[in-house]
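Some notes on the structure that comes next.
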Amino acid sequence: MEPVTLATSRLLMRMVGPKDTDTVYEAVQDPDIQRWTTIPSPYLYEHAQSFAEQLVPEGWANGSMLTWGLFLSEGEDLVGMLGLTMRSMSEAEIGFWGTKEHRGNGYVTEAVLAASRWAFVDLSLDRVEWRAEVGNMPSRAVAERAGFTVEGTLRSAMVNQGVRRDCWVGSLLPSDLSLPSTAPYLPARNQPA
């Protein structure tokens, strides 16, 4: 798959590459990003090189992980990162982080909505799933603002820094964004007990 660039009213969402290695490395030195995501910690320069030069381009090439750098549209200021990891032909898991200096401006929520809408329309996905370690309130706030339904807590479902941890799980469906699904959806709550 060829990399896709998306634009919102305030953001340019594009694939990161070798020219972004330094920017990614500097952003991920933030202890909050290392604490709440499953990226390596400590995050070394070699990790940023591998991410920007291999992991991201290969993910786009084979269609397994579609990752965007979130940049302010008027320049090259990195405000975050967002990825869709394909779980099946009709489902992807979304992950994201925001840079310390740009948090609280709604940029990541804006990007989550743009990427999800694109995935529903252009990839014909029927579900985008969000997971975050229990306690990661900023991630949960982004998911909820974007319209995700928090479905519950999965025990021991995430490994972070070598430790199994509980995580929240939620979903966004095409109908949550007033879009059609590829298959009809029959919610369990409409079924007899």
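Because the structure is a prediction, the values reported are computed rather than measured.
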Do [X] and [Y] belong to the same hydrophobic cluster, where Ile, Leu, Val, Met, Phe, Trp and Tyr are linked whenever their side-chain heavy atoms lie under 4.5 Å apart, directly or via other members?
X: V163; Y: M158; answer: no
X: V24; Y: L12; answer: no
X: V79; Y: L113; answer: yes
X: L44; Y: V56; answer: no

**Message:** I'd like to know whether S139 forms a side chain to side chain donor-acceptor pair (under 3.5 Å) with W130, so could you lay out the CA-CA distance, the side-chain angles of the two residues, the decisive distance to 0.1 Å, and finally the verdict.
**Reply:** CA-CA 9 Å; S139 181; W130 158 84; 2.9 Å; yes

Just wondering, do [Y] and [X] contact through their side chains at under 4.5 Å, heavy atoms?
X: V112; Y: R145; value: no
X: R35; Y: E133; value: yes
X: F148; Y: W168; value: no
X: L123; Y: L66; value: yes
X: Q34; Y: D30; value: no
X: L11; Y: E110; value: yes
X: T38; Y: V159; value: no

Once you round to the nearest 0.5 Å, how far does [atom1] of [X] lie from [atom2] of [Y]?
X: M89; Y: S124; atom1: CE; atom2: OG; result: 9.0 Å
X: R117; Y: L177; atom1: CZ; atom2: CG; result: 5.0 Å
X: T99; Y: I33; atom1: OG1; atom2: CD1; result: 7.0 Å
X: S41; Y: Q161; atom1: OG; atom2: CD; result: 4.5 Å

**Request:** Starting from the C-alpha separation in whole Å, work towards a yes-or-no answer on side-chain contact (heavy atoms from CB on, under 4.5 Å) for D77 and F71.
**Result:** CA-CA 5 Å; D77 288 342; F71 296 89; over 6 Å; no

Over all atoms of both residues, closest heavy-atom pair of [X] and [Y]:
X: S116; Y: V128; result: OG-CG1, 4.1 Å
X: H47; Y: P42; result: CE1-O, 3.6 Å
X: A119; Y: L84; result: CB-CD1, 3.9 Å
X: D176; Y: G147; result: OD2-O, 4.2 Å
X: L125; Y: A92; result: CD1-CB, 3.6 Å
X: A114; Y: L6; result: O-CD1, 4.0 Å

Is it true that [X] and [Y] make a salt bridge, defined as a side-chain N closer than 4.0 Å to a carboxylate O?
X: R10; Y: E74; result: no
X: R131; Y: D166; result: no
X: E151; Y: R127; result: yes

Report yes or no: does [X] contribute a side-chain atom to a donor-acceptor pair with the main-chain N or O of [Y] at less than 3.5 Å?
X: N105; Y: Y107; value: no
X: W60; Y: T67; value: yes
X: E93; Y: M86; value: no

**Prompt:** Apart from L154 itself, what residues make up its hydrophobic cluster when side-chain heavy atoms of I, L, V, M, F, W and Y under 4.5 Å apart count as a link, directly or indirectly?
**Reply:** V169

**Prompt:** Should D20 and R14 be marked as a side-chain contact (heavy atoms from CB on, under 4.5 Å) after you check the CA-CA gap, both sets of side-chain angles, and the distance that decides it?
**Reply:** CA-CA 11 Å; D20 302 302; R14 65 166 174 80; 2.9 Å; yes

**Item:** Residues E129 and S171: side-chain donor-acceptor under 3.5 angstrom
**Value:** no

**Asked** Just by distance, with hydrogens left out, do Y185 and D126 show a side-chain donor and acceptor under 3.5 Å apart?
**Response** no

**Request:** Determine the sole option in D32, L70, T37 for which the side-chain contact (heavy atoms from CB on, under 4.5 Å) test with W97 is passed.
**Result:** T37

**Request:** Go through S181 and L173 one step at a time and tell me if the side-chain contact (heavy atoms from CB on, under 4.5 Å) criterion holds.
**Result:** CA-CA 8 Å; S181 295; L173 306 178; 5.7 Å; no

**Prompt:** Who pairs with E101 by salt bridge (Lys or Arg N to Asp or Glu O under 4.0 Å), at least two apart in sequence or on another chain?
**Reply:** none

**Request:** Check the pair N160 / W36 against side-chain contact (heavy atoms from CB on, under 4.5 Å), numbers first and verdict last.
**Result:** CA-CA 8 Å; N160 188 354; W36 292 112; 5.8 Å; no

**Request:** Describe, in one word, how the ring planes of W68 and W118 are oriented to each other, choosing from parallel (under 30°), tilted (30 to 60°) and perpendicular (over 60°).
**Result:** perpendicular

